[in-house]
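All remarks here apply to the structure that follows.
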Amino acid sequence: MWDATLYLRFGGERARPFFDLLARVGAEMPRYVVDMGCGPGNLTAMLAQRWPSATVCGVDNSPQMIETARQLTPAGAPRAEGSRAAGWRAAGSAGSGSVMTSRAPGLSFMLDDIRHWEPPSLPDVIVSNAVLQWVPDHRELLVRWAGQLADDGWLAFQVPGNVDQPSHAILREMAASARWRSLLRDAELNRQSADPSDYAELLAGAGCEVDAWETTYVHMLQGEDPVLEWYQGTGLRPVLAVLDAGQAADFLAEYGEKIRLAYPPGPFGTVFPFRRVFTVAHRAS
């Protein structure tokens with residue numbers, strides 16, 4: 001279960017890669033923009049601000065995240081109806097219809113699985129921010145998205161590239177330990193990303209012009225256990241989902257102790273390096 005409040009605890013740090021990604025997207029007047037894995041919707045709203053005349057749809061498979069995103073909607077506002085919204089409903093998903101928000105007339109959110117989502121019309125821009133690391137075989141999904149773009153369309157995504165860092169090494173070691181192995185055998189840990197050159201080659205092969213790069217952000221996090229809190233909102237989610245309350249508390253205590261040694265607090269905060277991989281693909285008309 002996603003906790004939108006916990007996820008937004010480091011909203012500024014999580015948002016910066018989104019804006020760095022979006023700065024490389026050259027779309028001027030797109031008609032249809034999709035945010036795949038929109039989370040709590042705060043960054044989807046930024047897409048609507050950049051392109052106020054566009055229809056902007058945020059898609060996420062977490063009811064908790066979509067519920068938070070829909071809080072942007074005035075109380076009692078009706079669900080979007082008509083041709084714009086009809087194609088956005090997830091078949092068989094109760095309450096999954098798009099909801100128009102007060103941020104912009106064309107902004108809406110829907111509950112759906114990005115792996116199976118089908119556009120009602122060809123998107124001019126598809127954005128995905130820190131989501132695809134959770135998706136098995138996301139390379140195939142990226143090729144499909146590239147093929148769904150309208151002429152002169154843009155596909156832009158970023159994924160974490162820090163699987164070699166202590167935060168993930170500690171998690172893998174604990175999950176494989178005698179204490180936790182049997183309890184966590186069904187937990188699907190963060191799968192991470194490929195390198196920029198891999199994505200560049202993949203999407204060039206799909207007929208796109210590609211700009212791919214990587215950046216390591218050095219965050220200075222505040223608080224007693226900021227790295228633990230960071231991962232409680234993301235990477236630890238699959239682990240905590242399969243443990244009961246007592247087991248989860250024990251796991252967090254053990255993981256937190258190891259994390260504090262790996263990322264010791266300093267006089268100005270806890271230094272937390274975070275590598276990310278970015279790709280922007282353009283389907284030239």
Side-chain angles (χ1 to χ4, degrees), residues 1-8 11 14-19 21-22 25 27 30-74 77-91 93-135 138 141-142 144-145 148-150 153-159 233-234 280:
M1 178 181 295
W2 283 100
D3 185 328
T5 301
L6 189 58
Y7 182 84
L8 290 171
R14 297 191 196 279
R16 183 178 170 190
F18 173 87
F19 291 110
L21 176 70
L22 201 59
V25 176
R31 291 175 295 177
Y32 184 26
V33 177
V34 185
D35 184 5
M36 294 294 200
C38 65
N42 56 314
L43 298 178
T44 317
M46 297 298 100
L47 298 176
Q49 288 190 21
R50 173 169 174 176
W51 295 301
S53 64
T55 293
V56 178
C57 181
V59 182
D60 204 285
N61 71 346
S62 165
Q64 292 77 26
M65 287 296 192
I66 290 297
E67 180 182 0
T68 298
R70 288 175 174 172
Q71 289 175 10
L72 299 171
T73 308
R79 294 188 182 278
E81 302 294 345
S83 60
R84 170 184 285 171
W88 292 352
R89 287 197 173 83
S93 298
S96 63
S98 296
V99 171
M100 310 302 285
T101 79
S102 60
R103 294 291 183 94
L107 175 62
S108 65
F109 298 96
M110 67 172 295
L111 180 67
D112 204 353
D113 189 327
I114 65 172
R115 296 172 298 175
H116 310 303
W117 178 88
E118 293 291 338
S121 60
L122 299 181
D124 299 291
V125 179
I126 296 176
V127 175
S128 183
N129 184 58
V131 172
L132 291 170
Q133 70 274 16
W134 297 107
V135 179
H138 69 256
L141 181 60
L142 286 168
R144 176 152 58 86
W145 285 352
Q148 292 172 334
L149 289 173
W154 297 78
L155 168 61
F157 65 93
Q158 74 87 7
V159 283
T234 52
V280 174

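We're numbering straight along the sequence, starting at 1.
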Side-chain heavy atoms of Asp124 within contact of Trp51, under 4.5 Å
no
Over all heavy atoms of both residues, which pair between Leu43 and Ala15 is shortest? Give the atoms and the distance, please.
CD2-CB, 3.8 Å
Between CG on residue Asp60 and CD1 on residue Ile114, distance to nearest 0.5 Å
8.0 Å
How many angstroms lie between CG in Leu111 and OG in Ser62, if you round to the nearest 0.5 Å?
8.0 Å
For Val33 versus Ala54, what's the shortest heavy-atom pair and its separation?
CG2-CB, 4.1 Å
Report yes or no: does Ser128 contribute a side-chain atom to a donor-acceptor pair with the main-chain N or O of Val131 at less than 3.5 Å?
no
Do Phe19 and Met46 touch side chain to side chain, with heavy atoms closer than 4.5 Å?
yes
Do the side chains of Tyr32 and Leu122 get nearer than 4.5 Å, heavy atoms only?
no
Heavy-atom closest contact (Thr68 atom, Pro40 atom, distance)
CG2-CB, 3.8 Å
Give, for atom CH2 of Trp145 and atom CG of Leu132, the distance between the pair rounded to the nearest 0.5 Å.
4.5 Å
Where do Pro123 and Gln148 come nearest, in terms of heavy atoms and distance?
CD-O, 3.1 Å
Which heavy atom of Met110 sits nearest a heavy atom of Arg70, and at what distance?
CA-NH2, 3.8 Å
How close do Ala45 and Leu107 get, heavy atom to heavy atom, and via which atoms?
CA-CD2, 3.9 Å
d(Glu118 CD, Arg144 CZ) to nearest 0.5 Å is 5.5 Å
For the CZ atom on Arg31, are there more than 12 heavy atoms of other groups (residues, nucleotides or ligands in this structure) within a distance under 6.0 Å?
no
Cys38 SG to Asn61 CG distance, which is reported to the nearest 0.5 Å:
10.0 Å
Is there a side-chain contact between Leu47 and Leu22 in this structure, where contact means two heavy atoms from C-beta onward sitting under 4.5 Å apart?
yes
In this structure, CD1 of Ile126 is separated from CH2 of Trp117 (nearest 0.5 Å) by 6.0 Å
